[in-house]
J.: 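Structure incoming, see below.
Start at 1 and go down the list; that is how both ligands and their atoms are numbered. Basis for what follows: all heavy atoms, side chains included, without hydrogens, waters or symmetry-related copies.
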Amino acid sequence: MTTKYLFFTGGVVSSVGKGVTAAALGLLLKERGFKVTVQKLDPYINVDPGTMSPYQHGEVYVLDDGAETDLDLGHYERFIDNRLTRVSNFTTGQVYAETIAKERRGDFLGGTIQVIPHITNEIKRRIGLAAKETSAEIMILEVGGTVGDIESQPFLEALRQLRNEVGRENCLFVHVTWLPTIGATGEIKTKPTQHSVAALRSIGISPNLIIARADQEIDQSLCDKIALFCDVDKDSVIPMKTADVLYEVPLLLENMGVGELVVNKLGLKAVRQPDMKPWKKLVEHVRKPKPSVKVALVGKYVELQDAYMSVREALKHAALANDVEVEISWVHSADLEKEKGWDIVKEADAVLVPGGFGSRGIEGKVLAARYAREKKVPYLGLCLGMQVMCIDFARNVLGLEEANSSEFDRGTKYPIIDLMIDQRSITDMGGTMRLGLYPCLLQPGTKAAAAYGVPEVEERHRHRFEFNNAFRADFEKHNMVFSGLSPDGRLVEIVELADHPYMMGSQFHPEFLSRPMNPHPLFVGLLKAAKERAGK
Ligand code: GLN
């Protein structure tokens, strides 16, 4: 079987939805019966996004095998609904680290190590590895950043070489670009796109398909102009106006015939016709007017909402399941410490505290958990959000005033959240946490067990600290229920309050496994409780 390749490059500016477009096209191909996989090539020099600030990079998306990856992998998994692995994302940092390690071992026998062919070979090796490991019929590769960036050049050169090695007939270059509008006249401009395609062609790549993005309706005459100037077929310039509903993107592409166009251009024959009815229904449901519930999301990176991408999506999925609209209000936890932002929290029908690291804003999160507990407002704590829920409980219910996590107070008398024994000697920051999928046994009779409806689940983790078992008995005596435990019973995975409508915290990140067609039970439970509280 020959693997067919679909290469996605970006033009003009980043953040125009290249990842979403790639994911949506992946869905259309999967729907036609092909085995599809996706790989994201990130040109930055960091080894992975695990150590990058969410302010700069957005959310770190965690896979089953514990790989800490780019948030675009979240789009891929949510649209295509497959489970990706470590090979699905790599960076310049990884490529260089591997090549330099080989050089140190003497693998190159004294040769001079150069971008071409050594770096490009390593890039191609990693692409080949993903193709082989996933035995995909169609592999979608997205190159991060924009054509013209210094960093992305070796990647584009590697793709050009790969095209010659696997044959042009097995490759398709899709260029996703942005058409800016001139404010005064409202005129849409194609010139930046022409320049970015020229840049692509200067390194030997001519795009086969151009997806032209804009916030406005794009006239056919503009597409024709792009086709002429950029030397692509007229039917291969696809106008894509910004969609107000994310999950409509696959439908829009399908309606414009892009799925079929790509299959034909790759010389393939669809195994079956795509069934887009579930997606149509989903989008109709999103558009249908519904009563809304308010969720206060109390976090640290609220200025950049991409930092909580999967949390936001999981809330939307769960809202649909409850037939409500979710209005997310973003609250900076540090504000709550300064008596600010409380009006938003008080108006909310539910409080959500997501994951996070470091002590800034921690006390605000503890206050938010306390408020939810005392006022019986539905609460969901994700990882750090579960930990602050326990800190509040220890301080204000058990009376252990100085209770804390040893992450924030090393010398605390009551380290109710503490380092796992095997984490104590670790000094490296990258990739050294408890990462990836772990099993969790649900304790019968609990809200968590009822929400999931199964006795055992597997969830994705990303943390260093755990609930300290020395305090378990005391917590239980005061109505905190440990409703999810590791199979050996040693690790607390889910906590919930018995005498509260819905106060739930998970040590794992349920948001990574929520899908539009398959919303996550813990989020569904939160919004159900929120809906009840709002009386809707
Ligand atoms: N900082 C906490 C820990 O390492 C929580 C991590 C998280 O929320 N992802 O345990």
Side-chain angles (χ1 to χ4, degrees), residues 48-55 57-64 66-69 71 74 297-302 304 306-312 314 333-334 351-366 368-369 379-392 394 403-410 412 415-438 440 459-469 471 484 486 490-495 504-514 520 522-523:
D48 63 42
T51 50
M52 291 167 84
S53 163
Y55 278 124
H57 192 265
E59 159 186 284
V60 175
Y61 190 79
V62 181
L63 305 179
D64 285 351
E68 298 174 272
T69 70
L71 55 76
L297 192 147
V298 180
K300 172 167 152 187
Y301 313 108
V302 292
L304 182 71
D306 274 6
Y308 302 114
M309 173 87 78
S310 295
V311 176
R312 194 178 62 196
S333 58
V351 174
L352 189 149
V353 179
F357 295 84
S359 56
R360 194 165 57 87
I362 277 301
E363 291 305 320
K365 291 182 185 173
V366 176
Y379 176 96
L380 180 60
L382 311 174
C383 206
L384 181 64
M386 170 266 195
Q387 297 175 352
V388 295
M389 169 176 161
C390 294
I391 294 172
D392 157 59
N404 214 329
S405 161
S406 48
E407 180 179 5
F408 314 123
D409 179 2
R410 277 193 169 221
T412 173
I416 56 131
I417 305 293
D418 204 2
L419 266 193
M420 295 175 272
I421 302 288
D422 44 0
Q423 286 278 355
R424 293 210 173 139
S425 56
I426 295 175
T427 50
D428 264 15
M429 293 305 277
T432 54
M433 286 182 273
R434 183 176 173 217
L435 285 165
L437 215 55
Y438 285 90
C440 166
E459 294 279 3
R460 292 177 178 175
H461 292 247
R462 180 171 185 251
H463 57 105
R464 269 192 192 88
F465 294 81
E466 300 276 356
F467 185 84
N468 184 343
N469 288 332
F471 296 91
S486 60
R490 284 177 57 220
L491 299 172
V492 171
E493 307 285 38
I494 309 178
V495 299
M504 186 79 72
S506 69
Q507 188 56 82
F508 48 80
H509 289 272
E511 69 270 26
F512 294 139
L513 291 181
S514 181
H520 195 285
L522 296 185
F523 281 86

J.: With the threshold set at under 4.0 angstrom, would you say Met433 reaches ligand 1 through any of its heavy atoms?
T.: no
J.: Could you check whether any side-chain N or O of Tyr308 sits under 3.5 Å from a backbone N or O of Tyr301, counting only pairs where one atom can act as donor and the other as acceptor?
T.: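 At least one qualifying donor-acceptor pair exists.
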J.: I need the atoms of ligand 1 closer than 4.0 Å to a non-hydrogen atom of Gly355, numbered in the order shown.
T.: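 Result: 8 (O).
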J.: I'd like to know whether Tyr61 forms a side-chain contact (heavy atoms from CB on, under 4.5 Å) with Ser310, so could you lay out the CA-CA distance, the side-chain angles of the two residues, the decisive distance to 0.1 Å, and finally the verdict.
T.: CA-CA 8 Å; Tyr61 190 79; Ser310 295; 3.5 Å; yes
J.: Should you measure from each heavy atom of Glu407, which atoms of ligand 1 turn up under 4.0 Å away?
T.: 1 (N), 2 (C), 3 (C)
J.: N/O of Gly356 under 3.5 Å from N/O of ligand 1, yes or no?
T.: yes
J.: Indicate yes or no: does an N/O atom of His509 lie under 3.5 Å from an N/O atom of ligand 1?
T.: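 Yes: some nitrogen or oxygen of His509 is under 3.5 Å from one in ligand 1.
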J.: Arg464 heavy atoms, cut-off 4.0 Å: which ligand 1 atoms fall inside?
T.: 3 (C), 4 (O), 10 (O)
J.: Can you tell me the protein heavy atom closest to atom 9 (N) of ligand 1 and the distance?
T.: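 Of the protein heavy atoms, Arg462 O, 2.8 Å lies nearest.
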J.: Does the plane of the ring in Phe512 sit parallel, tilted or perpendicular to the ring in His509? Use 30° and 60° as the thresholds.
T.: tilted
J.: Give me the nearest non-hydrogen protein atom to atom 7 (C) of ligand 1 as residue plus atom name, then the distance to 0.1 Å.
T.: Cys383 SG, 3.0 Å
J.: Would you please determine whether Gln507 falls within less than 4.0 Å of ligand 1 on a heavy-atom basis?
T.: no
J.: Considering only protein heavy atoms, which is closest to atom 10 (O) of ligand 1, and at what distance to one decimal place?
T.: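 Nearest neighbour among protein heavy atoms for atom 10 (O) of ligand 1, to 0.1 Å: Phe465 N, 2.8 Å.
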